[in-house]
Amino acid sequence: MPGFEFFGDEERKEVNDVLETGILMRYGFDGPRKGIWKSKELEAAICKTFGTGYAQLTSSGTAALTTAMASFGIGAGDEVIMPAFTFVASFEAVLSMGAVPVLVDIDETLTLNPAAVRAAVTSKTKCIMPVHMCGSMADLDALKAICDEHQLILLEDACQSIGGTYKGKHLGTIGHAGTFSFDFVKMITCGEGGVVMTNDQNIYTKCDAFTDHGHDHLGVDRGADLHPFLGYNFRISELHAAVGLAQIRKLDTFLTIQRRNNHILRSYLEQVPGISFRVVPDPSGDSASFLSWFLPSQEKMEKAIEALKTAGIFAGNFYWYANNWHYIKKWDHLKNVQSLYALNEAQQNALKKLSNTKFEVSDAIMSRCVSTAISLTWTEEQVHAKGAQFLQVLKEALS
Ligand SMILES: *Cc1c(COP(=O)(O)O)cnc(C)c1O
């Protein structure tokens, strides 16, 4: 799955270009930087590779989500609908804007259940945030229809699905805006980093200023820039962008290896009695970074996991249901409002309500689901061996 598995001379060369000039900042210093603009170059490469009009790099994927929401004017009292299975960053970004995260059930796509979204829309809803978890996508047509009907913003958290597509378009470029993360374990890494993608020039201009203290970036003298609105520092550094530039050139290679390994592994798992797989709305667009599979009951899944652990082959597999970071069941800090700073009243009320909300539909899915991470380092031979071993252990455990 992650790009760090392919770190090499290409990344070192790009970083060295920056080290040679010593200009680690992405803005200004036009003379001393001697034409080296890694962040700008990476933004241009992102536009070209993923087919988006504009790209604004940020210091993280969380910062990208925050920046996108700020640029759409999402703030105090506004509600953002998101899935109960995601990474904590999704609701962190919403809370940091003063807005209210509204968590709803998923379906077997492992992300937003359109019926649950529809039921959660209120007069305060401003945005729907599908999270394309584990390399594959949400049912975007259904979610888009809800957004159109209620005039809501569709913000795709595509942080985990770089390279995935839906009906021929890249995930993250289909909604009003979308984000990627380039943190260390993502498909393309910068070490740390993220990006907001949009086709709306006005939104892009706001993102550009927001990530740099509100600088309008219109002049040649940074100190003389105007600040049309309040911003933050969510800038990426040139060193981080340099790594990403080498990585994005390897994306096709990553995807080819990943898909091959995923398909081989699947051909073995398909033979496990009772197994089923995640619903993928556009199977040809799966980035294949994970293979997510279900067993008929929680009891059977627990048995299977025990057997895989005993055989010493569970590493690289994720039982999200019992995971502290990705599923609502373990987010007591959110439900109990364990915040270092005061949240606003609307947020506090919503989180109190959340602590009493049941997610039975999601529980019934997540308690039967394991995602197997697909490594780029596996040779074809190794995947066949892994698949055969998996199949044998699972067959025995479930018989
Ligand atoms: C990684 C991730 C993020 C946040 O990215 P960071 O760069 O680590 O801040 C957001 N959403 C999802 C689904 C992620 O997996």
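What you see is a predicted model; the values in this text were computed from it and never measured. Positions are given from 1 along the sequence. In what follows, every heavy atom counts, from backbone to side chain, and hydrogens, waters and symmetry copies are set aside. Both counts, for ligands and for their atoms, begin at 1 and track the order of listing.
- Contact annotation for T62 and ligand 1: heavy atoms of both the backbone and the side chain come within less than 4.0 Å of the ligand.
- The closest approach between G193 and ligand 1 falls below 4.0 Å for a heavy atom of the residue.
- Atoms of ligand 1 lying under 4.0 Å from at least one heavy atom of S60, given by number and element, are 7 (O), 9 (O).
- Here's the thing with E192: none of its N/O atoms is less than 3.5 angstrom from an N/O atom of ligand 1.
- Under the 6.0 Å distance and 45° angle rule, K206 does not count as a cation-pi partner of F229.
- No side-chain donor-acceptor contact under 3.5 Å links T67 and Q56.
- Side chains of Y268 and H384: a donor-acceptor N/O pair is present below 3.5 angstrom, by distance only.
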Could you check T179 against E156 for side-chain contact (heavy atoms from CB on, under 4.5 Å), going step by step and ending with a plain yes or no?
-> CA-CA 6 Å; T179 64; E156 295 173 80; over 6 Å; no
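- Of the polar atoms of T86, none of the N or O atoms is found under 3.5 Å from an N or O of ligand 1, judged by distance alone.
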Evaluate the side-chain contact (heavy atoms from CB on, under 4.5 Å) criterion for residues F254 and Q247: first the C-alpha distance (whole Å), next the side-chain angles of each, then the deciding distance (0.1 Å), finally the verdict.
-> CA-CA 9 Å; F254 294 172; Q247 289 260 305; 4.0 Å; yes
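- Under 4.0 angstrom from ligand 1, the non-hydrogen atoms of K186 all belong to its side chain.
- Here is the list of ligand 1 atoms found below 4.0 Å of a heavy atom in S181: 1 (C), 5 (O), 6 (P), 7 (O), 8 (O).
- Against a heavy-atom cut-off of under 4.0 Å, C159 is close to the following atoms of ligand 1: 2 (C), 3 (C), 10 (C), 11 (N), 12 (C), 14 (C).
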I would like to know whether H217 and Y27 meet ring pair (Phe, Tyr, Trp, His ring centres under 6.0 Å); could you show each step before the answer?
-> CA-CA 9 Å; H217 296 144; Y27 297 114; 4.2 Å; yes
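- By the 3.5 Å distance cut-off applied to N or O atoms, F182 is not counted among the residues near ligand 1.
- Classified by interplanar angle (parallel below 30°, tilted 30° to 60°, perpendicular above 60°), the ring pair W320/F85 is tilted.
- For the pair K309 and F314, the cation-pi test (distance below 6.0 Å, angle within 45°) is passed.
- Looking only at heavy atoms of the protein, atom 8 (O) of ligand 1 is closest to D183 OD2, 2.7 Å.
- At a heavy-atom distance under 4.0 Å, only side-chain atoms of A89, from C-beta outward, approach ligand 1.
- Remark: minimum distance from atom 11 (N) of ligand 1 to any protein heavy atom is reached at D157 OD2, 2.8 Å.
- For the pair R278 and F294, the NZ or CZ position fails the cation-pi test of under 6.0 Å to the six-membered ring centre and within 45 degrees of the ring normal.
- Of all atoms in ligand 1, numbered sequentially from 1 with element shown, those under 4.0 Å from a heavy atom of F87 are 2 (C), 3 (C), 12 (C), 13 (C), 14 (C), 15 (O).
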